[in-house]
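First up is the structure itself, then whatever we jot down about it.
Indexing begins at 1, ligand by ligand and atom by atom, following the structure's order.
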Amino acid sequence: MRALEFNDVSFTYKGSGSKALEGVSFAVNKGEFITLLGRNGSGKSTICLMSNGLIPHALPGALEGAVRIFGQEVRERSVAEFSKSVGIVFQEPESQLFCMSVEEEVAFGPENLAVPREEIGDRVEWALELVGMKGFNDRSPFSLSGGEKQRVAIAAALSMRPEMLVLDEPAYALDPVGRFELYSVLKELKQKHGMTVVLAERDPEEAVAFSDRLLLLEDGKIAGVGATRNVLRDPQKLSSLGIAPPQLSELAALLNSRLPGESFSFLSVEEAERTLSEDFFAQGRARRA
Ligand SMILES: Nc1ncnc2c1ncn2[C@@H]1O[C@H](COP(=O)(O)OP(=O)(O)OP(=O)(O)O)[C@@H](O)[C@H]1O
Ligand SMILES: [Mg+2]
């Protein structure tokens, strides 16, 4: 069973004259990390909201095609039911936090599921540790930085023990330090916990280092999908869709154009450093010798 499956999905928000999504088909396997990329209005949030049933249950409209979340058709279950398997984190940290303390915030979801008190305590500690917010239990969420708020929002989703996490531009409102810490958490979710993640981003710079696949959107349609490395081999395509190519992809493209026969591609600085010192610089030294 797939974690998520869109089969020829089109959607028009109620009252809108145009389709927000048109003929969208893709699937996400369990344990996969997929990043949705596209400029403003391309349909990223619409896909996120459909991935836990908020569309069409809370935001109505005309939905065609089939959306399956862990095998369940989106129209056939409530958002409350999907919330047991799908956690969602939005762009604005302020809009998601409403409790008096960090601990209450993270305990809120499992309390509503009537999880036993002791287990809730364990889940809260586990989730806060995972997002690097251990010891913040008694702090007011309103006293936190934007990045800390977003990490509490992720902890609040994780304490439900979801099978899939959906994040809609979670770094949007954060400063560079907040962004760095947030992406460190996402990387850990992928590398240590094998979490199934759907991440929406306008800018792929950080996410490419740990995304299995990229899905490119334009005007509500899929403009490309593939393994991260393959999609990044065509930085011009990204640019044409209003997506800034990662700097490392541009560097690789530049080297490939200057060095016939090479086909570099780098997903991280570490990888670039390793490849260049093994391959390129070593050859250079050999040529000079
Ligand atoms: N509540 C709504 N009612 C009507 N139309 C909407 C609504 N929300 C989004 N849309 C429209 O649906 C299309 C897709 O929007 P969506 O928010 O999914 O894009 P996005 O890629 O998330 O954009 P952004 O980068 O700005 O967040 C756009 O044309 C948008 O104007
Ligand atoms: Mg959006």
Side-chain angles (χ1 to χ4, degrees), residues 4-28 33-67 69 74-75 79 82 86-97 146-147 149-150 153-154 157 164-175 178-179 182-183 186 197-208 211 213-226 228 231 237-246:
L4 184 65
E5 209 172 338
F6 276 55
N7 201 340
D8 200 12
V9 174
S10 297
F11 183 74
T12 307
Y13 285 94
K14 194 173 176 186
S16 163
S18 59
K19 288 184 172 173
L21 293 184
E22 195 173 347
V24 169
S25 298
F26 71 99
V28 181
F33 195 122
I34 190 165
T35 298
L36 317 178
L37 293 167
R39 63 159 72 91
N40 286 354
S42 58
K44 305 179 296 292
S45 295
T46 306
I47 291 179
C48 290
L49 293 166
M50 231 174 240
S51 302
N52 81 335
L54 281 168
I55 291 177
H57 296 290
L59 280 159
L63 172 60
E64 295 162 67
V67 178
I69 303 163
V74 71
R75 282 166 279 219
V79 177
F82 287 125
V86 185
I88 191 158
V89 175
F90 299 103
Q91 168 172 311
E92 294 295 338
E94 274 75 20
S95 66
Q96 316 171 68
L97 305 177
K149 284 179 186 159
Q150 275 307 56
I154 294 175
M164 175 167 76
L165 201 56
V166 177
L167 304 114
D168 188 1
E169 295 194 55
Y172 179 78
L174 307 187
D175 63 17
R179 291 175 71 88
L182 179 109
Y183 287 113
L186 298 188
V197 179
V198 176
L199 171 69
E201 286 284 354
R202 226 167 291 186
D203 181 349
E205 189 75 41
E206 284 97 345
V208 295
S211 298
R213 275 194 302 152
L214 303 178
L215 187 143
L216 310 177
L217 289 162
E218 186 178 39
D219 296 336
K221 299 187 203 73
I222 294 184
V225 60
T228 301
V231 174
K237 175 161 186 175
L238 295 178
S239 302
S240 75
L241 299 171
I243 304 160

Looking only at protein heavy atoms, which one is nearest to [atom], and what is the separation?
| atom | answer |
| --- | --- |
| atom 12 (O) of ligand 1 | A20 CB, 3.2 Å |
| atom 6 (C) of ligand 1 | Y13 CD1, 3.2 Å |
| atom 25 (O) of ligand 1 | K44 NZ, 2.8 Å |

Original post:
About how many Å separate CG of L199 and CZ of F33, when rounded to the nearest 0.5 Å?
Top reply: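 Result: 5.0 Å between the selected atoms.
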
Original post:
Is S16 in polar range of ligand 1, meaning some N or O pair under 3.5 Å apart?
Top reply: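 S16 vs ligand 1: no N/O contact under 3.5 Å.
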
**OP:** With heavy atoms of R39 as the reference, note each atom of ligand 1 found under 4.0 Å away.
**Re:**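 The atoms of ligand 1 under 4.0 Å from a heavy atom of R39 are 21 (O).
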
Original post:
What atoms of ligand 1 come closer than 4.0 angstrom to any heavy atom of T46?
Top reply: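 It comes down to these atoms of ligand 1: 14 (C), 15 (O), 16 (P), 18 (O).
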
Original post:
Among L167, D168, L4, which one satisfies side-chain contact (heavy atoms from CB on, under 4.5 Å) with V198?
Top reply: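 By the side-chain contact (heavy atoms from CB on, under 4.5 Å) criterion, V198 pairs with just one of L167, D168, L4: L4.
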
Original post:
Does ligand 1 have any atom that is closer than 4.0 Å to a heavy atom of S42?
Top reply: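 True for this residue.
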
Original post:
Looking only at heavy atoms of K14, does any of them come nearer than 4.0 Å to an atom of ligand 1?
Top reply: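 In this structure, K14 fails to qualify as a contact of ligand 1 - no heavy atom is under 4.0 Å.
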
**OP:** Go through L216 and I243 one step at a time and tell me if the side-chain contact (heavy atoms from CB on, under 4.5 Å) criterion holds.
**Re:** CA-CA 9 Å; L216 310 177; I243 304 160; 4.0 Å; yes

Subject >> Best match, G15, G38, G43: closest heavy atom to atom 19 (O) of ligand 1 >> reply: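 Minimum heavy-atom distance to atom 19 (O) of ligand 1 goes to G43.
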
Original post:
Among G41, S45, G17, which residue places a heavy atom closest to atom 24 (P) of ligand 1?
Top reply: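 Closest candidate by heavy-atom distance is G41.
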
Original post:
Between K44 and E201, does at least one N-O distance fall below 4.0 Å, as a salt bridge requires?
Top reply: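 The answer is no: the pair does not qualify as a salt bridge.
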
Original post:
Just wondering, more than 12 heavy atoms not from Y13 lying within 6.0 Å of its OH?
Top reply: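 Yes, because the 6.0 Å sphere around OH of Y13 holds more than 12 heavy atoms from other groups.
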
Subject >> the Mg ion (ligand 2) to nearest N/O/S of S45 below 2.8 Å >> reply: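 Given the 2.8 Å cut-off, S45 counts as a ligand of the Mg ion (ligand 2).
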
Original post:
For atom 28 (C) of ligand 1, is the nearest protein heavy atom closer than 4.0 Å?
Top reply: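 Given the 4.0 Å cut-off, atom 28 (C) of ligand 1 counts as touching protein heavy atoms.
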
Original post:
Would you say atom 3 (N) of ligand 1 has a protein heavy atom nearer than 4.0 Å?
Top reply: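 So far as the 4.0 Å threshold goes, atom 3 (N) of ligand 1 is in reach of a protein heavy atom.
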
Original post:
Less than 4.5 Å apart, any side-chain heavy atom of M50 and any of L63?
Top reply: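 In short, these two side chains touch, coming nearer than 4.5 Å.
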
Original post:
Tell me, do R202 and R39 make a side-chain contact under 4.5 Å, heavy atoms counted?
Top reply: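 Side chain of R202 against side chain of R39, heavy atoms only: no contact under 4.5 Å found.
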
**OP:** Return yes if some donor-acceptor pair links the side-chain N/O of S16 with the main-chain N/O of S18 below 3.5 Å, else return no.
**Re:**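 Looks like yes, one N/O pair under 3.5 Å.
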
Subject >> Minimum-distance pair of heavy atoms, taken over all atoms of I69 and F82 >> reply: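 Where I69 meets F82 most closely, the heavy atoms are CB-CE2, 3.7 Å.
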
